[in-house]
Amino acid sequence: MITLLHLSDIHMGSGFAHGRLNPETGLNTRLEDFIAALTRCIDRALAESVDLVLFGGDAFPDATPPPLVQQALASQFCRLSAAGIPAVLLVGNHDQHAQGLGGASLSIYRTLGVPDVVVGDRLETHRIDTRSGPVQVVTLPWLTKSTLLTRPETEGLSMTQVNELLLERLRVALEGEIRRLDPAIPAILLAHAMVDTASYGAERFLATGRGFTIPMAMLARPCFDYVALGHVHRHQVLCQQPLMIYPGSIERVDFSEETEDKGYLLVQVTKGQAEAEFCPLPVRPFKTIEVDLTQAESPQTRLEQAIARADIADAVVRCLYTLRTDQVDQIDQSSLETALAAAHTYSLQPELKAQTSRSRLPELGTDSSLDPLTALSAYLANRNDLGDIAESMLTAAAALMADDSDAEVPLDDVDLSLDDIDSLALEETAQQLRLL
């Protein structure tokens with residue numbers, strides 16, 4: 001039996017906007033949160049003396065992380081190497097350069113020859129000798145269209161045809177790896193992919209235009225004893241036979257993951273069977289406070305009460321509140337900041353509600369036959385901001401109505417050429433511009 005720890009989507013260096021500077025360390029507190037989450041995963045791997053660690057991809061937000069962030073990740077994986085625990089590091093979409101060429105952020109581990117570390121940056125089968133025996137790991141990194149197809153092959157094809165061709169190329173390549181597997185040794189597929197039956201979050205939009213969705217049936221092959229997935233940040237089990245799981249990310253990246261549990265998997269794999277346990281991590285909470293103040297007599301009090309009811313201690317908080325324009329002066333910003341002081345960090349995001357309806361002027365009534373000049377005069381009398389130009393507007397309106405009454409001639413009695421029509425249209429346009 002092979003015992004392995006499966007984690008994915010570390011995203012070390014993400015979410016700095018939700019943190020603050022720690023004066024004691026000089027680091028952003030969100031970076032410290034991500035380091036702490038990864039440290040707990042590696043601590044568990046060492047404590048359980050697992051046979052293998054599988055990382056499902058997306059180590060960083062992009063392929064060129066700052067040296068400090070690279071060092072934070074490397075210091076943890078090097079603990080596995082020092083303990084003689086092999087690790088397979090799969091390349092995800094965030095680990096690749098934008099064009100999908102030129103290597104990946106994790107390739108440095110292979111270049112430096114770090115003991116017991118395998119980098120999965122291509123579709124390939126790796127035989128790994130663990131303390132509990134050999135295991136086969138097929139690595140399927142994030143694939144782009146340029147990985148499987150050339151530009152001439154896609155010319156003149158629709159997007160549907162291109163995707164069908166991509167999946168056919170992948171099916172053939174994966175089948176080649178499957179046929180080379182040793183049926184006597186446990187086999188694992190480690191893939192960073194968007195599987196069609198998964199529940200997606202922001203990953204779908206972050207990868208738009210670069211990847212493609214893979215049918216679950218293509219990966220759920222009986223030759224695999226366990227299918228370890230990465231890319232989707234929400235923990236979910238897609239298939240039981242073979243067992244196919246996304247462990248999810250180990251920390252919250254943004255508010256779209258506010259309600260999701262974060263953690264990793266401990267998996268027991270034998271030939272023909274796998275059992276997994278989800279191990280939640282104590283990550284920093286995200287909290288949204290949303291209040292509609294448009295009907296509140298005392299918007300400040302209502303908002304402070306909503307904050308007081310929320311559990312915001314050491315949380316990343318966003319306070320969303322809707323109010324009318326006439327209520328803006330009733331909000332005391334400094335008092336809200338005091339009420340939110342217990343949060344780790346917070347943001348205030350007010351939204352002004354547009355006044356889409358206006359009360360009817362009593363002078364106008366509901367009589368549709370009211371004289372237009374009389375109606376305009378009543379309207380201007382209630383618009384103090386138009387007082388300076390009210391007289392000019394009434395004069396212009398009277399002139400326009402006089403022109404219209406003079407122009408009421410049957411069309412049959414008018415003999416106009418195309419040139420005359422164009423001339424009249426230009427003259428009318430110029431008149432309108434002068435009035436404006």
Could you tell me whether the side chain of D116 reaches within less than 4.5 Å of the side chain of F77, counting heavy atoms only?
no
Looking at R284, H11, R30, which one forms a side-chain hydrogen bond (donor to acceptor under 3.5 Å, both in side chains) with E251?
R30
If only atom types and distance count, is the side chain of T338 paired as donor or acceptor with the main-chain N or O of S334 below 3.5 Å?
yes
Could you tell me if the side chain of L4 sits less than 4.5 Å from the side chain of I188, heavy atoms only?
yes
Might you point out which heavy atoms bring L21 and G26 nearest each other, and give the distance in Å?
CD1-O, 3.4 Å
Nearest 0.5 Å, what's the CD-OG distance between Q70 and S75?
12.0 Å
OG1 (T322) and CD (E290) are apart, to the nearest 0.5 Å, by 6.5 Å
With a 4.5 Å heavy-atom cut-off, do S49 and R131 have their side chains touching?
yes
With a 4.5 Å cut-off on side-chain heavy atoms, are V138 and L190 touching?
no
Short question: side chain of T139, backbone of E124 - any donor-acceptor pair under 3.5 Å?
yes
Identify whether the distance between the nearest side-chain nitrogen and carboxylate oxygen of D33 and R252 falls below 4.0 Å.
no
Output, in order, the C-alpha distance, side-chain angles, deciding distance and verdict of side chain to side chain contact (heavy atoms under 4.5 Å, CB included) for C41 and L281.
CA-CA 9 Å; C41 296; L281 289 166; 3.9 Å; yes
Heavy-atom side-chain proximity of R20 to N28 below 4.5 angstrom:
no
State, to 0.1 Å, how close L293 and L303 come at their nearest heavy-atom pair, and which atoms those are.
CD2-N, 4.1 Å
Begin with the C-alpha distance, continue with both residues' side-chain angles, and end with the deciding distance and a verdict on side chain to side chain contact (heavy atoms under 4.5 Å, CB included) for I214 and D196.
CA-CA 6 Å; I214 300 176; D196 60 352; over 6 Å; no
So, R318 and T288: side-chain donor and acceptor under 3.5 Å apart, yes or no?
yes
How close do L243 and A274 get, counting heavy atoms only, and between which atoms?
CD2-O, 3.7 Å
Can a donor-acceptor pair be found between the side chains of H231 and Y246 at a distance below 3.5 Å?
no
Given the rule in the side chain to side chain contact (heavy atoms under 4.5 Å, CB included) test, do Q300 and S335 qualify, once you have shown the distances and angles that lead to the verdict?
CA-CA 9 Å; Q300 179 75 22; S335 295; 3.5 Å; yes
Measuring only between side-chain heavy atoms, which start at C-beta, is I331 closer than 4.5 Å to L323?
yes
Give every donor-acceptor pair under 3.5 Å between a side-chain atom in residues 56-68 and any protein atom, sequence neighbours left out.
unit_1: D58; atom_1: OD1; unit_2: N93; atom_2: N; d: 3.2
unit_1: D58; atom_1: OD1; unit_2: H94; atom_2: N; d: 2.9
unit_1: D58; atom_1: OD2; unit_2: H192; atom_2: NE2; d: 3.4
unit_1: D62; atom_1: OD1; unit_2: T64; atom_2: N; d: 2.9
unit_1: D62; atom_1: OD1; unit_2: T64; atom_2: OG1; d: 3.4

Any pair counted as salt bridge (charged side-chain N to carboxylate O under 4.0 Å, His left out), so long as it reaches residues 261-281, sequence neighbours left out
D225-K271, E257-K262, E260-K262
CD1-OH distance between I307 and Y321, expressed to the nearest 0.5 angstrom:
9.0 Å
So how far is it from L38 CG to M12 CE, rounded to the nearest 0.5 Å?
4.5 Å
Restricting to non-hydrogen atoms, name the atom on S199 and the atom on V232 that form the minimum distance, rounded to 0.1 Å.
O-CG1, 3.4 Å
Non-hydrogen atoms of L376 and A397 that approach each other most closely
CD2-CB, 3.7 Å
Looking only at non-hydrogen atoms, find the nearest pair between Q136 and I185 and report the distance.
NE2-O, 3.0 Å
Output side-chain donor-acceptor pairs under 3.5 Å for residues 174-181, partner residues at least two apart or in another chain, one line each.
unit_1: E175; atom_1: OE1; unit_2: R221; atom_2: NH1; d: 3.4
unit_1: E175; atom_1: OE1; unit_2: R221; atom_2: NH2; d: 2.8
unit_1: E175; atom_1: OE2; unit_2: R179; atom_2: NE; d: 3.3
unit_1: E177; atom_1: OE1; unit_2: T125; atom_2: N; d: 3.3
unit_1: E177; atom_1: OE1; unit_2: T125; atom_2: OG1; d: 2.7
unit_1: E177; atom_1: OE2; unit_2: R180; atom_2: NH2; d: 2.7

Check step by step if side chain to side chain contact (heavy atoms under 4.5 Å, CB included) holds for L238 and I245.
CA-CA 6 Å; L238 300 189; I245 306 181; over 6 Å; no
Taking atom CG of L189 and atom CG of L219, what is their separation to the nearest 0.5 Å?
5.5 Å
So do I85 and V53 actually touch side chain to side chain, heavy atoms under 4.5 Å?
yes
Pairwise distance CG(L266) to OG1(T3) - rounded to 0.5 angstrom
8.0 Å
Have R302 and Q305 got a donor and an acceptor in their side chains that come within less than 3.5 Å?
no
Given 3.5 Å as the limit, does a donor-acceptor pair link the side chain of Q236 with the main chain of R234, or not?
yes
A side-chain contact here means heavy atoms from C-beta on lying under 4.5 Å apart; do V195 and T213 qualify?
no
Does the ring center of F255 lie less than 6.0 Å from the ring center of H18?
yes
